[in-house]
Amino acid sequence: MDFIRAIINDHMKTGRFDGRVHTRFPPEPNGYLHIGHAKSICLNFNIAADYNGLCNLRMDDTNPVKEEVEYVESIMQDVRWLGYDWDDRMFYASDYFDQLYDCAVELIRRGKAYVCDQSAEEMRQYRGTLTEPGRESPWRGRSIEENLDLFARMRAGEFADGEKTLRAKIDMASPNLNMRDPVIYRILHTSHHRTGDKWCIYPMYDFTHCLSDSIERITHSICTLEFEDHRPLYDWFLDELGVYHPQQIEFARLNLTYTVMSKRMLLQLVQQKLVSGWDDPRMPTISGMRRRGYTPESIRNFCERIGVAKNDSIVDVELLEFCVREDLNLKAPRRMAVLNPLKVVIENYPEGKAEEFEIPNHPDNPAMGSRKVPFSRTVYIERDDFMEDPPAKFFRLAPGREVRLRGAYFITCTGVVRDAKTGEITELVCTYDPATRGGDSPDGRKVKGTLHWVSAEHGIEAEVRLYDRLFTVPNPAGDGEGRDFTEYLNPQSLVTLKSCRLEPSLKSAAPGCTYQFERQGYFCADEKDSAEGSPVFNRTSTLRDSWAKIEKGGDRTKQKADPAKQAPKKVSGPRIDLGDFEKIDLRVGLVREVSLVEGSSKLLRLMVDVGEGRLRQIFAGVRPAYREPDDLLGKKVVVVANLKDREMRFGKSEGMILAAGEGSRMGVVTLDGDPKPGDRIS
RNA sequence: UGGGGGAUCGUUCAACGGUAGGACAGCGGACUCUGACUCCGUCGAUCUAGGUUCGAAUCCUAGUCCCCCAGCCA
């Protein structure tokens with residue numbers, strides 16, 4: 001039981017709301033809903049259900065400048081998709097504009113609100129600071145009659161945007177800044193997506209929200225932590241007006257590792273086209289996750305498991321991944337798909353022959369039936385499933401090794417065909433054992449590996465998109481280094497594979513359908529890009545992969561063996577693993593100019609020719625090692641060429657050069673021989 | 001330095017004066033026609049210092065650290 005239900009239980013005992021529970025989910029239609037909203041949606045709707053109450057859907061649409069119908073439509077769709085129903089209780093704060101206006105007039109009548117002529121800038125200055133009280137506005141003392149008149153004229157459109165505001169008359173010296181005469185109405189000559197041009201004044205959140213809750217007879221107004229400071233104001237409006245008074249309760253919003261959750265940042269990703277849109281499968285939006293293949297059940301389950309509390313927290317995205325796998329494992333029919341095909345010719349299988357195997361759709365659920373999978377002399381297997389010189393724990397295919405082709409035959413690798421020029425393996429030659437038809441061996445002999453496969457002749461070719469985390473660091477929004485979150489975008493977050501081979505039954509996969517590609521993961525036919533007869537698949541999630549862990553584990557034991565590498569090292573910025581080294585683009589650079597950097601004892605400014613027809617400016621911290629900077633002139637150095645430019649105090653640095661050592665014993669790595677600037681080093 | 005919150009395994013949520021528990025992750029093992037699933041085992045935490053008490057994560061005192069607030073955004 002969470003603390004919110006504990007509070008509600010208490011209310012049930014004391015009878016504060018006559019045993020009634022009525023919540024609401026109040027999004028502002030200025031963006032798409034994300035997984036953080038899902039937490040709130042689940043909370044509000046589930047609590048209502050648990051207590052036999054109701055939950056309203058309400059658009060908090062008081063700022064026409066930012067809001068759009070597109071968003072309200074997507075919000076409704078997403079909430080419905082998650083499995084929640086608001087019946088006929090779809091509301092808009094804008095539905096209450098008339099009542100809200102009357103409440104504001106009433107506040108004026110009670111001497112609790114006034115029309116203020118201060119500009120935004122003046123108001124800011126008068127507000128004071130965190131430690132100093134504010135000063136009262138010179139307009140604070142206007143008579144009730146004058147305020148009434150002015151407010152009516154604000155409504156009538158007599159004033160320009162920003163010329164006047166209506167403010168609550170509370171306390172300019174309050175330690176809570178929200179209570180320093182907050183604005184409750186502002187002038188905005190903007191038409192509203194629902195009320196059109198009826199209004200040119202719009203109420204502010206604090207005023208609108210509590211009254212909307214009150215009008216809807218909400219009992220528990222559940223919101224996020226940052227509104228905790230607003231609760232006194234929430235209570236103030238309701239008390240001053242003497243109306244029905246719900247209880248506001250705040251909980252910690254959801255944060256997830258390896259993603260961002262703020263609407264501002266998500267909007268930025270969309271607008272800068274860093275993703276394909278709000279529903280890009282890498283986005284933490286509900287629509288993105290839907291397109292990625294997440295199920296509503298898995299999301300609801302996730303929201304249940306993360307719990308509700310008031311601690312700022314950042315939930316490990318692995319829990320989310322666990323939740324989809326858990327759900328999809330039960331629901332997804334199994335299929336075979338070779339993502340990275342390697343041709344296998346089965347020498348002793350008759351040419352031109354083909355047969356079909358009946359393979360179950362789910363190993364643990366016979367009720368899901370089976371499908372026929374054609375087999376022939378030439379099949380594709382996964383490139384990763386073959387190693388010419390396998391390490392100890394590898395138990396897939398290798399020269400001389402026998403493995404099972406799932407549901408088909410045992411095969412043994414007898415030969416390797418490679419490209420004459422590149423040496424790349426282009427094909428495997430194998431033999432099969434006809435006695436193992438169906439994948440069982442009559443003599444009881446075991447094979448360690450079972451591989452998925454697709455018949456070359458029968459399989460279909462398709463595009464498969466491998467999605468991964470959008471960011472490379474757990475908390476891109478708050479790395480503490482003041483870097484922009486987009487610097488941490490994961491370049492591998494989308495890998496598109498164009499020539500995958502899928503078993504023929506997948507040809508008719510309907511958009512939105514999810515399958516488990518055995519030994520690979522869960523994949524969902526894309527809703528947008530699939531065409532009749534040629535599906536495009538999105539990877540929802542990989543399967544757990546203990547082989548990948550074993551491979552990584554090898555590195556770890558090596559590290560342990562070398563105590564020198566155990567030295568604690570302070571690493572700032574993104575974590576780097578071995579795989580990242582493959583991404584580094586090292587190029588030969590010719591040093592054309594060297595100069596000292598004023599104001600730095602460590603840096604040299606190098607102008608380096610990297611074969612691009614222009615010189616790159618690179619700041620290198622190698623000054624201590626080169627008393628005569630000109631020594632570097634004309635040297636060929638190693639440049640890391642694919643780094644993001646770094647803005648330094650002295651200018652832009654467009655790369656790094658490799659150097660080693662420390663202090664004056666440091667040296668830049670230089671190259672002899674005749675490599676040309678721009679040559680790749682690998 | 002004003003006000004409002006928060007601090008429990010790596011992460012997250014519980015325990016409300018009485019054995020610190022679950023989930024995810026990790027590690028080890030069993031099983032396996034998916035190195036999946038499943039099953040079993042295991043590691044592992046009360047911010048610090050005092051105090052009250054037979055007994056403190058919980059109550060008290062004093063600190064420390066983290067988050068939020070100075071929009072005519074929500």
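Chain naming here is simple, since letters A, B, ... match the order of the sequence lines and numbering starts at 1 in each. Both backbone and side-chain heavy atoms feed into the values below; hydrogens, waters and symmetry mates do not.
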Take atom CG of Asn329(A) and atom C1' of A36(B), then tell me their distance rounded to the nearest Å.
7 Å
Taking 4.0 angstrom as the limit, do Lys331(A) and Glu297(A) come out as a salt bridge?
yes
C9(B) to G5(B) separation - P atoms, rounded to the nearest Å:
23 Å
Please name the nucleotide paired to G21(B) by Watson-Crick or G-U wobble geometry with both distances under 3.5 Å, or report none.
C13(B)
With a non-hydrogen cut-off below 4.0 angstrom, is Ile314(A) in contact with a base, only sugar-phosphate, or nothing?
sugar-phosphate
For the residue pair Phe97(A) and Trp199(A), does the interplanar ring angle fall in the parallel (under 30°), tilted (30 to 60°) or perpendicular (over 60°) class?
perpendicular
Closest listed nucleotide, where the reference is the side chain of Leu319(A) and the choices are C73(B), A23(B), U34(B)
A23(B)
Does NZ or CZ of Arg194(A) lie under 6.0 Å from the centre of the six-membered ring of Tyr92(A), at an angle within 45° of the ring axis?
yes
Any side-chain N or O of Thr62(A) under 4.0 Å from OP1/OP2 of A74(B)?
yes
Taking only side-chain nitrogens and oxygens of Arg544(A), does any of them come within less than 4.0 Å of OP1 or OP2 of C37(B)?
yes
So if I take every side-chain heavy atom of Pro175(A) and compare against C37(B), C73(B), G2(B), which nucleotide ends up nearest?
G2(B)
Rounding to an integer number of Å, can you tell me how far Glu321(A) CD sits from G26(B) P?
11 Å
Closest of U34(B), C13(B), C72(B) to the Leu543(A) side chain is U34(B)
Considering every strand and a 4.0 Å limit on heavy-atom distances, what is the contact class for Tyr202(A): base, sugar-phosphate, or nothing?
nothing
Atom NE2 of His452(A) and atom C1' of G35(B) are separated, to the nearest Å, by 13 Å
Under the ring-ring contact (aromatic ring centres under 6.0 Å, His included) test, residues paired with His193(A) that sit two or more places apart
none
Can you check whether Ser313(A) has a side-chain N or O nearer than 4.0 Å to OP1 or OP2 of C13(B)?
yes
Syn-anti status, with the boundary at 90° from 0, for the nucleotide G50(B)
anti
How far does the P atom of C16(B) sit from the matching atom of G21(B), given to the nearest Å?
13 Å
Reckon Gln520(A) touches a base, only the sugar-phosphate, or nothing at all at heavy-atom distances under 4.0 Å?
nothing
Within the pair Arg186(A) and C73(B), is there a side-chain N or O less than 4.0 Å away from OP1 or OP2?
yes
Selection from G2(B), C73(B), A14(B) that lies nearest to any side-chain heavy atom of Asp2(A):
A14(B)
Contact under 4.0 Å: Asn311(A) side-chain N or O vs A7(B) OP1/OP2:
yes
Could you walk me through whether Lys13(A) and Asp10(A) satisfy the salt bridge (Lys or Arg N to Asp or Glu O under 4.0 Å) test, starting with their C-alpha distance in whole Å, then the side-chain angles of each, then the deciding distance to 0.1 Å, before giving a yes or no?
CA-CA 5 Å; Lys13(A) 249 179 240 153; Asp10(A) 196 51; 5.2 Å; no
Pair Asp384(A) + Arg396(A): basic N to acidic O under 4.0 Å
no
Indicate whether OP1 or OP2 belonging to G71(B) is found under 4.0 Å from a side-chain N or O atom of Arg127(A).
yes
Relative to each other, are the rings of Tyr71(A) and Tyr32(A) parallel, tilted or perpendicular (30° and 60° limits)?
perpendicular
Taking a pair as Watson-Crick or G-U wobble with both distances under 3.5 Å, which nucleotide is matched to U64(B)?
A7(B)
What contact category does Val65(A) fall into here, base, sugar-phosphate, or nothing, at under 4.0 angstrom with non-hydrogen atoms?
nothing
Find which nucleotide of RNA chain B each of Ser546(A) and Lys66(A) is nearest to by heavy atoms, and output the residue with the more 5' nucleotide.
Ser546(A)
To the nearest Å, give me how far apart CZ (Arg180(A)) and C1' (G4(B)) are.
13 Å
Could you check whether Phe394(A) gets within reach of a base, just the sugar-phosphate, or nothing at all, counting any heavy atom under 4.0 Å?
base
At under 4.0 Å between heavy atoms, what does Thr165(A) touch on the DNA or RNA strands: base, sugar-phosphate, or nothing?
base
Is there a Watson-Crick or G-U wobble partner for C59(B) with both distances under 3.5 Å, and if so, which one is it?
G51(B)
Describe the nucleic acid contact of Arg305(A) in one word from base, sugar-phosphate, nothing, applying a heavy-atom distance below 4.0 Å.
sugar-phosphate
Given the structure, check if the side chain of Arg334(A) and the base of U34(B) hold any donor-acceptor pair shorter than 3.5 Å.
yes
Roughly how many Å apart are U34(B) and U11(B), using the C1' atom of each and rounding to a whole number?
29 Å
Between C1' on U1(B) and CG on Leu177(A), what's the gap in Å once rounded to a whole number?
14 Å
For atom CD of Glu226(A) and atom P of C67(B), their distance in whole Å
15 Å
Gln516(A) CD to G35(B) P: how many Å, rounded?
10 Å
Please give, in whole Å, the distance from A25(B) C1' to Tyr258(A) OH?
12 Å
Between G35(B) and Trp547(A), is there a base-stacking contact, meaning the centre of the base's six-membered ring lies under 5.5 Å from the residue's ring centre while the planes stay under 30° apart?
yes
Arg445(A) and Glu402(A) ion-paired at < 4.0 Å
yes
Partner lookup for G28(B), please. Criteria are Watson-Crick or G-U wobble with both distances under 3.5 angstrom; report none if nothing qualifies.
C40(B)
Considering only G3(B), C24(B), C73(B), which nucleotide approaches the side chain of Glu318(A) most closely?
C24(B)
Minimum-distance nucleotide (side-chain atoms of Phe227(A) versus A74(B), G3(B), C69(B))
A74(B)
What's Tyr185(A) touching, base or sugar-phosphate or nothing? Going by heavy atoms closer than 4.0 Å.
nothing
Residue pair Phe302(A) / Val315(A), side-chain heavy-atom distance below 4.5 Å:
yes
Reading RNA chain B from 5' onward, which residue's closest nucleotide shows up sooner: Leu188(A) or Met1(A)?
Met1(A)
Basic-acidic side-chain contact under 4.0 Å: Lys66(A), Glu28(A)
no
Compute both the distance and the angle, then confirm whether Arg24(A) meets the cation-pi test with Phe91(A): under 6.0 Å from the six-membered ring centre, within 45 degrees of the axis.
no
With sugar-phosphate meaning primed atoms plus P, OP1 and OP2, does Asp440(A) contact a base, only sugar-phosphate, or nothing at under 4.0 Å between heavy atoms?
base
Hydrogens and angles aside, do Gln248(A) and Glu250(A) bring a side-chain donor and acceptor to less than 3.5 Å of each other?
yes
Residues within residues 117-125 of chain A bordering RNA chain B, heavy-atom distance below 4.0 Å
Gln118(A), Ser119(A), Ala120(A), Met123(A), Arg124(A)
Need one value for Pro133(A): base, sugar-phosphate or nothing, where a base atom within 4.0 Å counts as base even if backbone is also close, heavy atoms only.
nothing
Spell out yes or no: do the side chain of Asp312(A) and the base of G6(B) have one donor N/O and one acceptor N/O closer than 3.5 Å?
no
Mind checking Arg396(A) for me? I need base, sugar-phosphate or nothing, with any heavy atom below 4.0 Å counting as a touch.
base
What does Lys393(A) touch in the nucleic acid at a heavy-atom separation under 4.0 angstrom: a base, only the sugar-phosphate, or nothing?
base
A7(B), OP1 or OP2 - any side-chain N/O from Lys310(A) closer than 4.0 Å?
no
Would you mind classifying the nucleic acid contact of His230(A) as base, sugar-phosphate or nothing, using non-hydrogen atoms under 4.0 angstrom?
base
Sugar-phosphate, base or nothing in reach of Asp229(A), heavy atoms under 4.0 Å:
base
